[in-house]
Amino acid sequence: MIQLPLSKLSNVGTTIFSQMTQLANENEAINLSQGFPDFMPDSELLDHVNYFIKKGFNQYAPMAGMMVLKEQIAEKIENSHQAAYHPDTEITVTAGGTQAIFTAIAGFIKKDDEVIIFEPAYDCYEPTVELFGGIVKRFEMKAPDYEIDWNIVKSLVSDKTKMIIINNPNNPAGKVLKENDMEELIKIVKGTSILILSDEVYENIVFDGRRHLSICRYPELKERSLLVASFGKLFHVTGWKIGYCAAPENLTYEFRKVHQFNVFSVNTPMQLALAEYMKNPDHYNYLNSFFQEKRDFLRQGLSNTSFELLDCEGTYFQALKYDKISDKSDLDFARELTISHKVASVPFSSFYKNKLNENVIRLCFAKKQETLERAIENLSKI
């Protein structure tokens, strides 16, 4: 057999989300592992899609996105964060948040550029940086509070630091950055050419009266930042794979150079449907309370179990510490939970390069009431 060269990501396997979903399917378990809703999106949104398909909007969209959608995105950002982006030159519609993240890294990271990330981290950051020859430097946020020591972050910065990636609110920890965090970040990048990639796909899912502090609220950060968001998370349509990147014109210009050769353009009728649906801000302003009810229901249901429920300030993920139940690694415990107790979760160690095991797993509560009820019943028997 011919000896073929290894791929550039030869050390990367199948994502933990796919692994746990497959295990859930094989064992007919309740899938609280992968982050997708199991309920239908609003029928009004679906009707809009049907309308635009039947009206014949079925060919390529403009490379950067349909203008009507970009205008609605700009309006949403300005109303939510009091920050202005020009819809034509500073907003790009992407094939989901992950594609936007990939494109931003591809557009700016070269060989030996250093990129700082915060773990637990969404699993696409590091492989993408390495794919383009970059070097990842990590700050480990740890249970139970997942706070950031900005003095340590500052020590990671060098003259090779090209980018800092933040995820706010954080998946999987559910941590929301505070005003002090943003002030410290401003201090670190001041007087440098460091870029910020801000993954804000859960921006509309924050709890207990908290305010999402978007990167674009701060002029010192906005001028150097690529902001990524997701309609999948916003409107319960993860399978549509539509998101966007908002960035200053000079950064957007470079971003689109890669975007045009990556996906070129994104689903036309769905863009138009989203634009029409977004004309009513109530369609997304209710999400905080909608998901807080689900969070509170899950937490109340598990309050009498031996699981320790860690704080969940945002996202639709609840972290559980299980050290009073088992001394198994989080991966082994998650597998046992799926096979023996029919509830699939994600082990936190999969979000750390060194597989840090603090006996914590992640549950997704973006599920129907009856799904959560069945999961609570199963978990309460442990």
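The side-chain heavy atoms of N170 and M141, taken from C-beta on, include a pair separated by under 4.5 Å. Between Y146 and L310 the shortest side-chain heavy-atom distance falls below 4.5 Å. Side-chain contact check for F365 versus L372: some heavy-atom pair is nearer than 4.5 Å. Put simply, the side chain of L287 reaches to within 4.5 Å of the side chain of L234, judged on heavy atoms. F231 is listed as a side-chain neighbour of M278, based on a closest heavy-atom distance under 4.5 Å. Between N288 and V206 the shortest side-chain heavy-atom distance falls below 4.5 Å. A 4.5 Å side-chain heavy-atom check between D47 and D42 finds every atom pair outside the cut-off. Proximity of T371 to L32: side-chain heavy atoms (C-beta onward) are separated by under 4.5 Å at one or more points.
Around atom CZ of R335, no more than 12 heavy atoms belonging to other residues, nucleotides or ligands sit under 6.0 Å away. At most 12 heavy atoms of other shown residues, nucleotides or ligands fall within 6.0 angstrom of atom CD in E28. Residue E370 places its CD atom among more than 12 non-hydrogen atoms of other residues, nucleotides or ligands, all under 6.0 Å distant. More than 12 heavy atoms of other residues, nucleotides or ligands sit less than 6.0 Å from atom OH of Y286. When the shell of 6.0 Å around CD of Q260 is examined, it contains more than 12 heavy atoms from other residues, nucleotides or ligands.
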Which is it for I109 and T128 under the side-chain contact (heavy atoms from CB on, under 4.5 Å) test, yes or no, and what are the steps along the way? CA-CA 9 Å; I109 299 305; T128 309; over 6 Å; no

Audit row: T103, C245, side-chain contact (heavy atoms from CB on, under 4.5 Å) steps and yes/no: CA-CA 10 Å; T103 301; C245 176; over 6 Å; no

Could you walk me through whether R374 and E377 pass the salt bridge (charged side-chain N to carboxylate O under 4.0 Å, His left out) test, one step at a time? CA-CA 5 Å; R374 289 191 295 119; E377 181 181 359; over 6 Å; no

Intermediate values then yes/no, side-chain hydrogen bond (donor to acceptor under 3.5 Å, both in side chains), N31 and T21: CA-CA 7 Å; N31 189 359; T21 290; 3.2 Å; yes

Walk me through whether V346 and I361 qualify under side-chain contact (heavy atoms from CB on, under 4.5 Å). CA-CA 6 Å; V346 173; I361 58 173; over 6 Å; no

side-chain hydrogen bond (donor to acceptor under 3.5 Å, both in side chains) for S349 and D330? Distances and angles first, verdict last. CA-CA 7 Å; S349 64; D330 59 2; 2.7 Å; yes

Before giving the answer on side-chain hydrogen bond (donor to acceptor under 3.5 Å, both in side chains), spell out for N171 and K233 the whole-Å C-alpha distance, their side-chain angles and the decisive distance to 0.1 Å. CA-CA 12 Å; N171 169 23; K233 304 300 187 294; over 6 Å; no

Under the side-chain contact (heavy atoms from CB on, under 4.5 Å) rule, what do F261 and R256 come out as? Steps first, then yes or no, please. CA-CA 9 Å; F261 297 121; R256 289 178 181 175; over 6 Å; no

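Aromatic pair W150/F118: centroids less than 6.0 angstrom apart. F132 has its ring centre less than 6.0 Å from the ring centre of F102.
With Y322 as the partner, the ring pair (Phe, Tyr, Trp, His ring centres under 6.0 Å) test is satisfied by one option alone out of F348, F307, F333: F333.
Side-chain N or O atoms of N25 include none that pairs as donor or acceptor with a backbone N or O of N27 at under 3.5 Å. Checked by atom type and distance alone, the side chain of D181 pairs as donor or acceptor with a backbone atom of K178 at under 3.5 Å. Side chain of R295 to backbone of C312: a donor-acceptor contact under 3.5 angstrom is found. Judged by distance alone, the side chain of K353 and the main-chain N or O of K137 form no donor-acceptor pair under 3.5 Å. Side chain of K342 to main chain of I339: a donor-acceptor pair is present (N/O by atom type, distance under 3.5 Å, no hydrogens or angles). Although no hydrogens or angles enter the test, the distance criterion places a donor-acceptor pair under 3.5 Å between the side chain of H259 and the main chain of M63. Of the possible polar contacts, none joining the Y85 side chain to the E78 backbone as a donor-acceptor pair under 3.5 Å is found. The main-chain N or O of A143 is found under 3.5 Å from a side-chain atom of E358 such that the two form a donor-acceptor pair. Between the side chain of R224 and the backbone N or O of V189 there is at least one donor-acceptor pair closer than 3.5 Å. Checked by atom type and distance alone, the side chain of T268 pairs as donor or acceptor with a backbone atom of Q59 at under 3.5 Å.
Both M182 and V157 belong to a single network of hydrophobic side chains, linked directly or stepwise wherever heavy atoms of I, L, V, M, F, W or Y lie under 4.5 Å apart. No single ILVMFWY cluster, assembled from side-chain heavy atoms under 4.5 Å apart, contains both Y253 and V258. L298 and L309 end up in the same hydrophobic cluster when Ile, Leu, Val, Met, Phe, Trp and Tyr side chains are linked at under 4.5 Å. F139 and V176 fall into different hydrophobic clusters, where Ile, Leu, Val, Met, Phe, Trp and Tyr residues are linked whenever their side-chain heavy atoms come under 4.5 Å apart, directly or through other members. Linking Ile, Leu, Val, Met, Phe, Trp and Tyr whenever their side-chain heavy atoms come within less than 4.5 Å puts I148 and I194 in one cluster.
A salt bridge links K175 to E147: one of the charged nitrogens lies within less than 4.0 Å of a carboxylate oxygen. Taking a cutoff of 4.0 Å between a charged side-chain nitrogen and a carboxylate oxygen, K154 and E184 do not qualify as a salt bridge. Salt bridge R211/E179: absent, no basic N to carboxylate O contact under 4.0 Å.
In this structure, CG on D112 lies 12.0 Å from NZ on K162, to the nearest 0.5 angstrom. The line from NE2 of H81 to CG of L213 is 9.5 Å long, rounded to the nearest 0.5 Å. The distance from atom CE of M163 to atom CD1 of I196, rounded to the nearest 0.5 Å, is 10.0 Å. To the nearest 0.5 Å, atom CD1 of residue I215 and atom CD of residue E203 are 12.5 Å apart. Taking OG of S350 as the reference point, atom CG of L331 lies at 8.0 Å (rounded to 0.5 Å). Once rounded to the nearest 0.5 Å, the distance linking CD of E223 with CG of N250 reads 9.5 Å.
Between Y277 and H283, the angle of the ring planes stays under 30°, which puts this pair in the parallel group of the 30/60° scheme. Using bins of under 30°, 30° to 60° and over 60° for the plane-to-plane angle, the ring pair F264/Y60 lands in the perpendicular bin. In this structure, Y122 and F17 have tilted ring planes: the angle between them lies in the 30° to 60° band. In this pair, Y202 and Y316 present their aromatic rings perpendicular. The plane angle is above 60°, beyond the 30 to 60° band. Classification of the F39-F291 ring pair by plane angle, with boundaries at 30° and 60°, yields tilted. Classified by interplanar angle (parallel below 30°, tilted 30° to 60°, perpendicular above 60°), the ring pair F52/H48 is tilted.
Every residue was checked against the side chain to side chain donor-acceptor pair (under 3.5 Å) condition with E308, not counting sequence neighbours, and none meets it.
Checked by atom type, the side-chain pair N280/E44 shows no donor-acceptor distance below 3.5 Å. No side-chain donor-acceptor contact under 3.5 Å links S289 and E293.
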